[in-house]
Each structure stands twice: as C-alpha cells, then as structure tokens.
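Working notes, beginning with the structure itself.
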Amino acid sequence: MPAQSTLSPDEKAKVKSVIPASSNKIFYAALARVYYAYPSPEKWSYAGLQGAMTFLHDKSKGCMCFKLVDVYGTRGVIWEHEFYQGMEYNPDRAFFHSFAGDSCMIGLVFADEFEAKTFWKKVMAKKDSKAGKASKKKNSSSAPKSPTKSSSKGGKIDKSLISGPTSGSFVHVAHMGYDENSGFVSKGVDPSWTAFLSNLESQGISKETIAENMDFIKDFTRQHQAQAQAKKPPAPPVSRSKSKPPPPPSR
C-alpha cells in the first residue's frame, strides 16, 4: 500500500488484517465508492458501498482482483470483482474509473485524484504484464512439435494418423491407385489429397500399406467429413457488457 494516502494508520492496519499478506499481495489501496450503471444503463447508481478499494493478487485463487474493505465497521471484505482476461479499465475522469461487469458497467469514484491516477497506473502495469505472459505462453504452445506416434510395419493404419483432414479440404476422389512400377496413380484428384497421402508416408507408413488400405482411408475420411459438417458450432460465451458507460457521477 502507498506510504502516503488518504487511509489512516488504523485503516491501513484494518486492510492488512482483513487481507493477510500470507495469501494476498496488495499492489495498491485507496478510499473509493462503488457505482453501477443499473437498473438504467444510462445512469450511475451508488451501490451503497465505500471503503478501502484494493487491487491485489489473490494467491489462493490464482488471480488478480479488486476487493473493497469496510474500514468504517467490522464487515471485512464487502465487495470484490475479478480482474478478468481482456478487461478494459477506463479512466473516464481524474477521480472516476469504469469497467464492464458481468451484467452492467461498474464505476469506482476515488476520494483523491492523485490516488486514482496511481491506482490506474498499477492496474495498467499488471494488465500489460499479464497480456505479455499470455502472449508468450500462446507462442510457446503454438510451436511445432515433433511427431510422437509411429506406425508399425504393415498391418492396418492407425486412425489417429488420418483424422486430420477437415471438411472441404479436398474434393471428391475420382481415382487413386497404386502401381508397382509407377507408384501412386491419380486421375482428377485434388492436389491436397495427394499431399495428404504423402503426409501418411512421412509418418512412416509404406506406399504398399497405404495402397492396401486405400478403401479404408477413403471411407474413414468421408465419414470424418460428414461428422464435421453435422456438428454445429458451440454457442458463443456470455460476453461482458460493452455498452457505452453513462457520464461519471459527481463526488
């Protein structure tokens, strides 16, 4: 917490008592009130909640969040909200910040403009750090991996090696066969199909094995495409409210 703030020594002690350092790391705390753009999305309504607004990392939950501590009574944490992935935290005024909640816009009115600015900087610093880590993790997970599966010599082909083609990736197979002298022989075949069979070879499957199982490969691929077309896309997740917030309330 800041060395100099509108919080008195007793209030700071209460915050530390309610939010112990053993399971939390407080980045900043300042006196503030909570407002909702509800029931009317065009007007802010005071939620009747005020106290020490903290921005912290909750170690027990593994996430960053806002927690409001009752410094005027003994109710402890009286309000909290997760700092979710992709949150847009807006400094609408020098003393007023807003962000989208689950069902409506939420506003924070700070008692001191300097503390409001510092609070916003702390949030932005952690947001940028969180976004950087997420991007690094995504890039790492998307790196190409060496194949771990291998096929045995001869015998049937493992279905896991031919489950990749997606619907519409290649057209109807007019003719595809195997000749001992010429190898693969094709007529009227989409090049992507030929590339697909070549990929099976790269998995360690011989041309002879592929030729022997050609009917199986065709049938399995057609079945896979039919199943993919039959599947409907999942319903989109419930999005956070992104409506334009009303004008900030006065302090």
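On a predicted model such as this, the values are computed, not experimentally measured, just so you know.
Shown here are the salt bridge (charged side-chain N to carboxylate O under 4.0 Å, His left out) partners of D112, two or more places apart in sequence or in another chain: there are none. In this structure S40 satisfies the side-chain contact (heavy atoms from CB on, under 4.5 Å) test together with E42, K43, sequence neighbours excluded. Shown here are the side-chain contact (heavy atoms from CB on, under 4.5 Å) partners of P249, two or more places apart in sequence or in another chain: Y35, W44, F96, V109. Checked against side-chain contact (heavy atoms from CB on, under 4.5 Å), V18 has the following partners two or more places apart in sequence or in another chain: K14, V69, V77. Residues forming a side-chain hydrogen bond (donor to acceptor under 3.5 Å, both in side chains) with N90 (at least two apart in sequence, or on another chain): none. Shown here are the ring-ring contact (aromatic ring centres under 6.0 Å, His included) partners of Y72, two or more places apart in sequence or in another chain: there are none. With sequence neighbours left out, P20 forms a side-chain contact (heavy atoms from CB on, under 4.5 Å) with S22, S23, N24. K61 meets the side-chain hydrogen bond (donor to acceptor under 3.5 Å, both in side chains) test with E80; sequence neighbours excluded. Annotation: side-chain hydrogen bond (donor to acceptor under 3.5 Å, both in side chains) contacts of R33 (sequence neighbours excluded): Q50. Residues passing the ring-ring contact (aromatic ring centres under 6.0 Å, His included) test with F55, sequence neighbours excluded: F27, F66, F83.
Side chains of L31 and F110 form no contact here, defined as non-hydrogen atoms less than 4.5 Å apart. The shortest distance between side-chain heavy atoms of Y89 and L108 falls below 4.5 Å. Side-chain atoms of W79 and M53, non-hydrogen and from C-beta on, do get closer than 4.5 Å to each other. Put simply, the side chain of M64 does not reach to within 4.5 Å of the side chain of K25, judged on heavy atoms. Side-chain contact between L56 and C65: present, with at least one pair of heavy atoms (C-beta onward) separated by less than 4.5 Å.
Side chain of T118 to main chain of F114: a donor-acceptor pair is present (N/O by atom type, distance under 3.5 Å, no hydrogens or angles). With E115 contributing its side chain and T6 its backbone, the two residues share a donor-acceptor pair below 3.5 Å.
Considering every non-hydrogen atom in both V71 and G51, the closest pair reads CG2-CA, 4.1 Å. Here the shortest heavy-atom pairing between L7 and E11 reads CA-OE1, 3.3 Å. When all heavy atoms are compared, the tightest approach of T54 to A29 is CG2-CB, 3.7 Å. Of all heavy-atom pairs spanning A37 and C104, the tightest one is O-CB, 3.8 Å.
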Stepwise side chain to side chain contact (heavy atoms under 4.5 Å, CB included) check, K121 with Y28: CA-CA 10 Å; K121 287 182 177 180; Y28 201 76; over 6 Å; no
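Identified under the salt bridge (charged side-chain N to carboxylate O under 4.0 Å, His left out) test for residues 49-60, with sequence neighbours left out: D58-K67.
To the nearest 0.5 angstrom, M105 atom CE is 8.5 Å from F99 atom CZ.
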